[in-house]
2 protein chains.
Amino acid sequence: MTDANQTISDRIHKELDTFTRAERQLALSILENYPASGLGPLTALARSADVSVPTVARMVQKLGYKGYPDFQADLRDELSAIAKGPIAKHETWAGAAPSGHILNRFTEAVIDNIRNTMAHIDPVAFDEACALVADQKRHLYIVGGRITHTLAEYLFMHMQVIRPNLTHVQSTSNTWPHYLLNAAEGDVFVIFDVRRYENNTLKLAEMARARGARLVLFTDQWRSPVHRLADITLTCRIIVPSAWDSVATTVLLVESMISQVQNLDWDNTKDRMQELEEIFDKTRLFRKFT
Amino acid sequence: MTDANQTISDRIHKELDTFTRAERQLALSILENYPASGLGPLTALARSADVSVPTVARMVQKLGYKGYPDFQADLRDELSAIAKGPIAKHETWAGAAPSGHILNRFTEAVIDNIRNTMAHIDPVAFDEACALVADQKRHLYIVGGRITHTLAEYLFMHMQVIRPNLTHVQSTSNTWPHYLLNAAEGDVFVIFDVRRYENNTLKLAEMARARGARLVLFTDQWRSPVHRLADITLTCRIIVPSAWDSVATTVLLVESMISQVQNLDWDNTKDRMQELEEIFDKTRLFRKFT
DNA sequence: ACAATTATGAAATATTTATCACAGGCCGCT
DNA sequence: AGCGGCCTGTGATAAATATTTCATAATTGT
């Protein structure tokens, strides 16, 4: 935390000349296995570099740290900065806005959410989920709650273009039991449930499960209780500087799924889209130009 | 070094279900800033995860370690293994997926969109838009089209919590002229229009303008023709590897706006949210725990 | 080659950090 | 509503880790 924009490794390298023999020996040993070696106990580091314990203490002081723990803290900071990836580094996003502006703070948080979500997602599970959703033999139910029904609707809207045989269910409505009547073994439920998890959604999931349906769940990092029933759970980070949570990352996942499903049967999808275009042309709903 | 070929991060993720509430909270906190957080002192980790010190000790034992130092040693080993391995996996986002996987391609595109959008946005205009939307003396109309009506609804839903005196209009419906009857000078229209720009939306905008309303427009980089009428235009990049466009960036902007508006009158918003909570409690719609 | 200076490591001390034992509290069950 | 079990955090204890001191060895300059 002494100097920004310069790794500790760089600093050590630069100061190599000012070091004494034993210190140099130590420095090289640190760089050998950087940064892991510096994160262990001082004693272990001294032993592995084959120098005495005080040598280590003296060297880190020469580097400007108050003591070894201070040095370690700096190493850890550097490590987390790296882990965040080059994009998430604290640079200003909205170039014209001050760095404390809500746009920058919010964007940083969302990028962080995305990074975190993607780091933990299981691509095999994702592909399986897409395959289930793409399977037109199975009836597809898309379920959303109070907040998430917009997400559900967004997915539904696109799936409508791609395939037939699907239903949009709103768990907060009291009509959903009727839909379940038609649910058959092997049908697929895509369920959205993020925190303030909803009792209705859980009940619906239980009953769907009981009827032999397959469950794909979109949820947050704390995971809706539905996840215990779900065949596939896709988890998103949703923290932002706001009184509410962010669905931006979830949208990203949903859109990725749409894209993947459309690819799985592109020939068919293309035809359906074209047909849709023609219908729209007749309704003159959209502008032709500009 | 308990098990090869499986990162500690994976193990933690897998055991998430066997953990208790506090342990899960801790585990998520570790994954949040992995692996740096686990390499500091136990006390610091406990504090940052907001759990007690013994909880940390108990969790690492559940993971099969003799104690916290043992756990740290394993983390360091993993770290050095990574550092030695082939350098940098060419910036894949979903680490477990191949770089050509849809998840990575899509994520890269969205990050790119965000970056581009934020680079071109005018924070002053954004702030003005927020101020308009926050002004409770003006009636707020939120307008969406065929695709964007989910976005409009999302904004509407949150604004409903923050303030009274607002209406959700769907331009594709044929009922919107009725709403316009009530529109008065100084009212605010938030309009969503992205490509396949809609004739109805343009007509609506023209008439709103004619009645002396202020227009805030969310659109894409090619800009809906509404932008010639709008007081403030917020432009988003929406290109992704898909047959459709992405609203992820637009969602980010909308959420930023929600956050900002809520801040502009936080005292009032807080009260309204609390009231809402109480009503929900009575309906028992949400689960209290887990 | 000798003295002055500086580097080094062993050992003692001080500090931090981890583990353990216990009691209060919460939840689910009857 | 009352009871049992399990989770959870507080405080005490033990262990480890880091810092300092000091004697010795190495190095440099004269």
Side-chain angles (χ1 to χ4, degrees), chain A residues 1-2 8 12 15-30 35-76 197 199 202-203 206 222-223 225 228, chain B residues 2 8 12 15-30 35-77 281 284 286-290:
Chain A
M1 224 158 314
T2 34
I8 298 159
I12 294 176
E15 304 252 3
L16 220 53
D17 291 330
T18 72
F19 289 159
T20 66
R21 181 193 53 75
E23 282 168 352
R24 208 159 26 237
Q25 187 177 326
L26 167 64
L28 290 171
S29 165
I30 291 175
S37 55
L39 291 163
L42 188 153
T43 324
L45 177 58
R47 186 156 6 95
S48 89
D50 207 33
V51 297
S52 72
V53 166
T55 302
V56 181
R58 278 190 289 259
M59 197 200 74
V60 297
Q61 280 181 10
K62 269 196 188 171
L63 285 169
Y65 297 102
K66 230 189 77 202
Y68 187 67
D70 193 27
F71 167 72
Q72 287 187 310
D74 205 6
L75 268 181
R76 282 197 301 274
Y197 309 117
N199 280 319
L202 181 58
K203 292 224 184 72
E206 276 164 0
W222 299 283
R223 296 198 298 184
R228 281 188 285 267
Chain B
T2 34
I8 298 160
I12 294 176
E15 303 252 6
L16 222 52
D17 288 325
T18 71
F19 289 159
T20 64
R21 183 192 53 75
E23 283 167 352
R24 205 155 32 232
Q25 188 176 326
L26 168 65
L28 290 170
S29 165
I30 292 175
S37 56
L39 291 165
L42 188 153
T43 323
L45 178 57
R47 187 157 4 97
S48 89
D50 208 31
V51 297
S52 74
V53 165
T55 301
V56 181
R58 278 189 289 257
M59 199 201 73
V60 296
Q61 281 180 10
K62 268 197 188 171
L63 285 170
Y65 297 102
K66 230 189 77 202
Y68 186 69
D70 192 26
F71 167 72
Q72 287 188 310
D74 205 7
L75 267 182
R76 281 196 303 275
D77 285 346
D281 274 354
R284 306 175 112 252
F286 297 111
R287 296 172 62 80
K288 268 279 180 203
F289 301 102
T290 67

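Just so we're on the same page: letters track the sequence lines, and every chain starts at 1. In what follows, every heavy atom counts, from backbone to side chain, and hydrogens, waters and symmetry copies are set aside.
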Exercise for review: Could you tell me the separation between the CG atom of Leu45(A) and the P atom of dT19(D), rounded to a whole number of Å?
Suggested key: 12 Å

Study note, to complete from the structure: Between OH of Tyr65(B) and P of dA18(C) the distance, given in whole Å, is 16 Å

Point to revise | Heavy-atom donor-acceptor pair, Gln72(A) side chain to Gly40(A) backbone, under 3.5 Å | key: yes

Identify all pairs in which a protein N or O lies below 3.5 Å from an N or O of nucleotides 22-29 of chain D, and state each distance.
none

Study note, to complete from the structure: Comparing Val51(B) with Val60(A), nearest DNA chain D nucleotide closer to 5' gives the residue Val51(B)

Review point. CG of Asp70(A) versus C1' of dT16(C): gap in Å, rounded?
Key: 14 Å

Practice item. Write down the distance between CG (Leu26(B)) and P (dG9(D)), rounded to a whole number of angstrom. Key: 10 Å

For nucleotides 16-18 of chain D, which of its nitrogen or oxygen atoms have a protein nitrogen or oxygen under 3.5 Å away, and what is each distance?
{"residue": "dA18(D)", "atom": "OP1", "partner": "Leu42(A)", "partner atom": "N", "Å": "3.2"}
{"residue": "dA18(D)", "atom": "OP2", "partner": "Leu42(A)", "partner atom": "N", "Å": "2.4"}
{"residue": "dA18(D)", "atom": "OP2", "partner": "Thr43(A)", "partner atom": "N", "Å": "3.4"}

Exercise for review: Using whole Å, report how far CE of Met59(B) lies from P of dT19(C).
Suggested key: 13 Å

Review point. Can Met59(B) and Ile30(B) be said to form a side chain to side chain contact (heavy atoms under 4.5 Å, CB included), step by step?
Key: CA-CA 11 Å; Met59(B) 199 201 73; Ile30(B) 292 175; 3.8 Å; yes

**Study point:** Of the listed nucleotides dC7(D), dT8(C), dG9(D), the one nearest the side chain of Thr20(B)
**Key:** dC7(D)

Revision key, fill the gap. Angle separating the five-pair end axes of the helix from dA1(C)-dT30(D) to dT30(C)-dA1(D), nearest 10°, is 30°

Review point. Is there side-chain contact between Leu26(A) and Phe19(A), with heavy atoms separated by less than 4.5 Å?
Key: no

Practice item. Scan Gln25(B) against the nucleic acid and name what it touches under 4.0 Å (heavy atoms): base, sugar-phosphate only, or nothing. Key: nothing

